[in-house]
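In what follows, a structure is listed as structure tokens, so that the remarks can point back to it.
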Amino acid sequence: MEARPALDNGALGREAWSVLGANRTGSCTVPAPGLYPHQWNWDTAFVVAGLARWDTRRAGAELLGLMEGQWRTGMVPHIVFHPSHASHAETYFPGPAFWRSRDHPASPRRVPTSGLTQPPSQALALWWVWRHATDRDEAAALVRRVHPMLVAQHDHIAATRDLGGGGLAAIVHPWESGMDDSPVWDAPLDALPPLHPAYRGREPHGEPHGEPHGEPHGEPQTGHHDRYVWLASRYRDSGYDPAYLHDHPFAVEDPMFNGIWLASCEALAELAPVAGADPAPHREAAERIRAALLERLWFDGLFHARDLRSGRLSPVCAVGSFGPLLDPGLPSDRVDTLVGVLESPRFMGAAGYPVPSCEIRSPQFDRSRYWRGPSWVITNWLLLRAADAHGRTELARLLAAGTLRLVRQAGFRECFDPFDGSGRGSRDFSASAALTLDLLADNVAV
């Protein structure tokens with residue numbers, strides 16, 4: 001484990017602000033300069049949530065920076081390539097030349113983007129800003145401006161991603177999950193046809209290489225990252241046609257993506273009166289997603305991802321299985337069961353730090369390989385907020401304390417070894433720093 005002096009809450013907060021200041025580039029905070037030099041959808045939501053209690057204006061600017069990349073279809077891309085980051089645009093692969101977003105008539109003219117999306121967590125982040133705003137007038141103006149954009153985002157998901165016909169959204173690429181290298185995607189990826197030699201060796205820069213970024217822990221997963229490029233190319237070459245996705249070879253209903261979608265529907269309903277909108281359609285959407293999650297993904301006491309191409313539920317239990325806990329309306333018996341698994345030796349009960357990204361007893365578990373075992377501040381924070389939503393105060397306390405212990409010991413790393421707490425992946429990771437500020441808000445002014 002890295003040697004690091006213990007920090008009190010005030011010093012930890014100052015370090016977090018320093019990271020966020022250093023990673024601020026132009027109109028956004030990038031996840032980690034050099035490795036992730038652009039604006040990511042998933043990361044931005046967590047930066048916004050982390051800033052919500054401290055700086056309403058900056059939180060709003062981060063969110064609006066991401067929404068500059070929204071397509072006229074409503075799709076919010078998983079990467080936005082801002083002009084201020086132009087020097088990194090083609091050194092990062094896959095960059096704008098790969099995605100060819102500007103060939104699509106619905107894409108924004110000012111900024112190139114990717115053609116994929118990520119979990120629609122922006123409404124949750126906006127709700128967190130509204131709930132904790134230091135400037136209520138500014139927060140209200142932000143809600144009025146962004147709420148219609150997020151409604152369009154949700155409408156796009158509902159219209160284009162119910163590929164299974166059961167009311168859930170399907171991801172069409174592992175990058176869309178936010179948990180890129182999870183073993184949950186192994187079976188769907190392994191089922192893809194053999195690739196043309198042209199795709200060999202096209203590993204994305206800054207995306208997972210089968211081990212945490214910059215950390216030489218083990219060999220990469222052979223073939224998968226070639227398949228990432230191939231899948232993205234197939235969708236791009238269709239012209240990002242929603243009709244094509246019904247035949248796309250990768251389509252998975254992910255419980256974390258859909259749990260976030262449901263919770264974001266509830267957030268849109270809460271924010272609707274501020275925006276002068278009707279909350280009812282968002283409540284109805286949340287009810288539909290809840291019913292579909294229970295019908296399609298619940299099995300043997302857990303939520304499992306469903307591979308639409310094979311029709312099978314994934315046997316791998318990963319941290320995404322707990323995503324539906326974000327639903328405040330999840331039936332209490334299902335909450336009890338999920339919390340029991342989360343606190344058991346399958347996850348928190350056998351680890352020194354919360355929460356392993358894959359079930360510890362799984363054959364795919366690897367404590368040092370990206371989403372195949374390490375703990376993340378991102379998912380710890382989501383599960384903490386889920387625990388709060390269900391009145392699980394002791395679980396929330398354990399998640400908060402364990403997460404703060406991780407960053408005190410190892411810094412604001414991308415992820416952490418769940419047994420010894422050592423840092424993995426990128427250093428000075430913006431989402432980890434921002435969410436630490438949110439956790440500290442419950443403990444000390446920083």
task: Verify side chain to side chain contact (heavy atoms under 4.5 Å, CB included) between Glu266 and Leu262, making sure each step is shown before the conclusion.
output: CA-CA 7 Å; Glu266 295 281 10; Leu262 192 164; 4.2 Å; yes
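- Arg161 places a side-chain N or O within donor-acceptor distance of the main-chain N or O of Ala170, the cut-off being under 3.5 Å.
- In summary, the aromatic rings of Trp376 and Trp371 are positioned with their centroids under 6.0 Å apart.
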task: Verify side chain to side chain donor-acceptor pair (under 3.5 Å) between Asn380 and Thr403, making sure each step is shown before the conclusion.
output: CA-CA 7 Å; Asn380 285 357; Thr403 304; 3.0 Å; yes
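- For the atom pair OG of Ser321 and CG of Leu342, the computed distance is 10.5 Å after rounding to the nearest 0.5 Å.
- A distance of 12.0 Å separates CD1 in Ile289 from CD1 in Ile260, rounded to the nearest 0.5 Å.
- Residues in residues 254-264 take part in no salt bridge (Lys or Arg N to Asp or Glu O under 4.0 Å) pair, two or more places apart or across chains.
- His390 places a side-chain N or O within donor-acceptor distance of the main-chain N or O of Leu325, the cut-off being under 3.5 Å.
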Stepwise salt bridge (Lys or Arg N to Asp or Glu O under 4.0 Å) check, Arg369 with Asp366: CA-CA 6 Å; Arg369 293 168 70 101; Asp366 187 329; 3.6 Å; yes
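- With a 4.5 Å cut-off on side-chain heavy atoms, Met179 and Ser357 do not count as touching.
- Side chain of Ser238 to backbone of Asp241: a donor-acceptor contact under 3.5 angstrom is found.
- Checked by atom type and distance alone, the side chain of Glu414 never pairs as donor or acceptor with a backbone atom of Gly425 at under 3.5 Å.
- Although no hydrogens or angles enter the test, the distance criterion places a donor-acceptor pair under 3.5 Å between the side chain of His147 and the main chain of Leu268.
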task: Check the pair Glu253, Leu163 against side chain to side chain contact (heavy atoms under 4.5 Å, CB included), reporting the backbone distance first and the verdict last.
output: CA-CA 9 Å; Glu253 292 174 346; Leu163 303 179; over 6 Å; no
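- Expressed to the nearest 0.5 Å, how far CG of Asp43 lies from CD of Gln118 amounts to 7.0 Å.
- Heavy atoms of other residues, nucleotides or ligands lying less than 6.0 angstrom from CZ of Arg312 number 12 at most.
- Ring orientation note: the planes of Phe81 and Tyr92 are tilted relative to one another, at an angle of 30° to 60°.
- Contact record, Ala269 with Pro279: O-CB, 3.4 Å, taken as the closest heavy-atom pair.
- One N or O on the side chain of Arg306 and one on the backbone of Gly311 form a donor-acceptor pair closer than 3.5 Å.
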message: Could you walk me through whether Asp186 and Arg372 satisfy the salt bridge (Lys or Arg N to Asp or Glu O under 4.0 Å) test, starting with their C-alpha distance in whole Å, then the side-chain angles of each, then the deciding distance to 0.1 Å, before giving a yes or no?
response: CA-CA 11 Å; Asp186 287 356; Arg372 308 179 82 85; 2.5 Å; yes
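- Taking the six-membered ring for Trp, Phe257 and Trp42 have ring centres at least 6.0 Å apart.
- Side chains of Pro324 and Arg334 form no contact here, defined as non-hydrogen atoms less than 4.5 Å apart.
- Contact check for Leu297 versus Leu313: side-chain heavy atoms found under the 4.5 Å cut-off.
- Closest approach of Pro188 to Val252, counting heavy atoms only: CG-CG2, 4.0 Å.
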message: Using salt bridge (Lys or Arg N to Asp or Glu O under 4.0 Å), reason through Arg283 and Glu287 one step at a time and then give a plain yes or no.
response: CA-CA 6 Å; Arg283 301 282 188 210; Glu287 291 173 7; over 6 Å; no
- prompt: Under the side chain to side chain contact (heavy atoms under 4.5 Å, CB included) criterion, do Val377 and Leu406 qualify, and how do the steps go?
  reply: CA-CA 9 Å; Val377 174; Leu406 282 171; 5.7 Å; no
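- Considering only heavy atoms from C-beta on, Trp71 stays 4.5 Å or farther from Val76 through its side chain.
- Taking the side chain as every heavy atom from C-beta outward, Leu439 and Leu384 approach each other to under 4.5 Å.
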message: Pair Asp247, Arg234 - check salt bridge (Lys or Arg N to Asp or Glu O under 4.0 Å), show working.
response: CA-CA 11 Å; Asp247 298 315; Arg234 290 270 305 232; over 6 Å; no
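- Between the side chain of Asp162 and the backbone N or O of Ala169, no donor-acceptor pair lies under 3.5 Å.
- The CG atom of Leu271 lies 12.0 Å from the CZ atom of Arg131; values are rounded to the nearest 0.5 Å.
- Residues Leu294 and Pro331 are in side-chain contact: their nearest non-hydrogen atoms beyond the backbone lie under 4.5 Å apart.
- When atom types are taken as modelled, the side chain of Gln153 and the backbone of Met75 share no donor-acceptor pair closer than 3.5 angstrom.
- Taking the six-membered ring for Trp and the full ring otherwise, the centers of Phe416 and Tyr353 sit at least 6.0 Å from each other.
- When atom types are taken as modelled, the side chain of Arg346 and the backbone of Ile360 share no donor-acceptor pair closer than 3.5 angstrom.
- Ring to ring, Phe347 and Phe322 are close: their centroids are under 6.0 angstrom apart.
- A salt bridge does not link Arg100 to Asp103: none of the charged nitrogens lies less than 4.0 Å from a carboxylate oxygen.
- Put simply, the side chain of Gln39 never gets that close to the backbone of Thr44: no donor and acceptor are under 3.5 Å apart.
- Here Leu116 contributes atom CG and His78 contributes atom NE2; the two are 5.5 Å apart, rounded to the nearest 0.5 Å.
- Taking every heavy atom of both residues into account, Pro77 and Gly69 meet most closely at CD-O, 3.1 Å.
- Between Ser101 and Arg109, the shortest heavy-atom contact is O-NH2, 4.4 Å.
- Between His225 and Tyr228, the ring-plane angle classifies as perpendicular under the 30° and 60° cut-offs.
- Electrostatic pairing of Arg24 and Glu62 counts as a salt bridge here, judged by a charged N lying under 4.0 Å from a carboxylate O.
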- request: Evaluate the criterion side chain to side chain contact (heavy atoms under 4.5 Å, CB included) for residue pair Met149 and Gln122; output intermediate values, then yes/no.
  value: CA-CA 10 Å; Met149 302 178 190; Gln122 288 70 42; over 6 Å; no
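- The cationic atom of Arg236 (NZ for Lys, CZ for Arg) lies less than 6.0 Å from the six-membered ring centre of Phe98 and within 45° of the ring axis.
- For the atom pair CZ (Arg367) and OG (Ser422), the distance works out to 7.0 Å, reported to the nearest 0.5 Å.
- Taking the six-membered ring where the residue is Trp, the centroids of Tyr244 and His248 are separated by under 6.0 Å.
- At least one side-chain heavy atom of Leu20 sits under 4.5 Å from a side-chain heavy atom of Ser430.
- The aromatic ring centres of Tyr235 and His173 sit 6.0 Å or more apart.
- Counting only heavy atoms from C-beta outward, the side chains of Asn23 and Pro31 never approach each other to under 4.5 Å.
- Taking every heavy atom of both residues into account, Gly301 and Thr337 meet most closely at O-CG2, 3.4 Å.
- Applying side chain to side chain donor-acceptor pair (under 3.5 Å) to His224 and the options Asp190, Asp180, Asp181 leaves one that passes, Asp190.
- Minimum interatomic distance between Pro418 and Pro356 (heavy atoms only, all atoms of both residues): CB-CG, 4.0 Å.
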